[in-house]
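First comes the structure, then the notes that go with it.
These numbers were taken from a predicted model, which means no experiment stands behind them. Remember, it's 1-based here, ligands and their atoms both numbered in the order they're listed.
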Amino acid sequence: MAVGIFDSGLGGLTVLNAAQKHLPDVDFLYYADSAHAPYGVRDAEDIYQLTRKAVNELWSRGCALVILACNTASAAALRRMQEEGVPEGKRVLGVFVPLIEALTERQWGDNSPPREVAVKHVALFATPATVSSRAFQRELAFRAIGVDVEAQACGGVVDAIEDGDMILAEALVRSHVDALKRKMPEPQAAILGCTHYPLMAESFQKALGDDVQVFSQGDLVAASLGDYLQRHPGMMGTGEGGFLTTGKPDVVSDRATQFLRRQIRFQAA
Ligand code: DGL
């Protein structure tokens with residue numbers, strides 16, 4: 001009985017980690033499309049094709065529910081996959097909505113009209129593809145009015161993390177935060193709109209300053225997944241848990257072990 005978790009690479013581990021803590025009885029089958037990471041510099045068609053292939057693989061291995069623990073895939077592929085129709089008994093969900101519900105202080109599934117919220121100036125850090133999709137702003141507009149969002153495309157950060165070059169990743173985070181602050185000098189909140197970025201959460205917080213509330217997706221997505229599974233117990237699936245990668249299993253396992261500080265063993269997808 002496993003729930004599928006998909007990312008282009010290692011970033012989705014930040015969601016997996018929170019989900020495992022929140023739901024210790026649920027097995028998870030994690031799929032990292034490491035051979036094709038990063039997705040954030042690809043066009044929407046490419047991201048859609050890669051995401052659909054990975055999700056089909058997770059469904060065929062017995063997962064009923066697949067979480068796209070990747071904002072880039074959620075922005076570029078999720079709506080199209082859902083509109084085209086998914087096989088009977090299967091579901092695919094993204095990671096935007098729980099984050100936006102937290103930012104706009106909404107309860108799960110509150111579909112009331114958009115209203116004013118406390119936070120007025122929001123910095124969004126995400127991949128180039130997520131930023132250019134404007135999917136975050138679109139979802140936010142359904143729920144809140146009067147929120148000014150300044151988006152910063154953080155080129156290079158995902159590559160540096162995938163390569164395990166945390167010094168480069170930190171330098172890039174600092175320079176992207178500086179660039180954002182030139183456009184919005186005093187953000188009240190910052191959204192880490194890429195699941196890789198919580199691995200650099202301290203660097204973002206330090207560069208932004210203590211006054212800025214930083215939102216990450218791990219715990220928010222885990223809580224909303226728990227809620228979903230309680231209401232849809234049939235979506236636990238039938239397959240086994242584990243870790244799959246389209247990249248080199250040894251290399252990916254070492255990086256994952258370093259990030260999660262526990263032994264992780266990937267197998268070839
Ligand atoms: N973790 C993915 C996200 O949340 C990374 C995207 C990429 O591969 O560039 O957007």
Side-chain angles (χ1 to χ4, degrees), residues 4-19 28 30-55 58 66-79 81 92-100 123-137 139 151-166 168-169 172-173 176 190-201 204 214-222 224-225 243-247 252 255-256 259-260 269:
I5 299 210
F6 164 73
D7 183 42
S8 61
L10 298 164
L13 293 173
T14 59
V15 172
L16 173 88
N17 204 31
F28 293 94
Y30 187 90
Y31 185 110
D33 191 11
S34 320
H36 302 104
Y39 277 18
V41 290
R42 294 176 180 274
D43 64 32
E45 178 64 27
D46 214 7
I47 296 166
Y48 166 77
Q49 295 296 347
L50 291 169
T51 304
R52 201 179 63 164
K53 187 163 181 282
V55 171
L58 285 165
V66 175
I67 307 293
L68 300 184
C70 175
N71 292 268
T72 308
S74 300
L78 180 62
R79 189 193 280 192
M81 287 183 74
V92 56
L93 299 174
V95 283
F96 274 151
V97 173
L99 185 73
I100 290 173
L124 168 67
F125 296 95
T127 66
T130 300
V131 169
S132 65
S133 76
R134 297 187 61 79
F136 179 85
Q137 288 90 329
E139 291 292 340
Q152 177 65 32
C154 298
V157 177
V158 169
D159 308 60
I161 293 172
E162 289 287 320
D163 289 345
D165 189 342
M166 305 318 269
L168 175 60
L172 288 169
V173 166
H176 288 306
I191 304 287
L192 303 189
C194 167
T195 53
H196 282 72
Y197 301 168
L199 295 165
M200 307 303 298
F204 274 101
V214 177
F215 287 83
S216 295
Q217 282 161 324
D219 289 332
L220 299 171
V221 172
S224 114
L225 174 61
F243 294 87
L244 301 170
T245 179
T246 54
V252 179
R255 299 262 149 78
F259 289 142
L260 293 194

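At a 4.0 Å heavy-atom cut-off, the residues surrounding ligand 1 are D7, S8, P38, Y39, G40, C70, N71, T72, T127, V158, C194, T195, H196, listed by chain and number.
Counting all heavy atoms, side chain and backbone alike, Y39 lies closest to A129 at O-CB, 4.4 Å.
The aromatic ring centroids of F125 and F204 lie less than 6.0 Å from each other.
Remark: side-chain polar atoms of T245 are paired, donor with acceptor, to backbone N or O of A32 under 3.5 angstrom. Using a distance-only test at 3.5 Å, with no hydrogens or angles considered, no donor-acceptor pair links the side chain of R52 to the main chain of M81. A donor-acceptor contact shorter than 3.5 Å links the side chain of S133 to the backbone of A135.
Here C70 pairs with D7, T72, A73 under the side-chain contact (heavy atoms from CB on, under 4.5 Å) rule; sequence neighbours left out.
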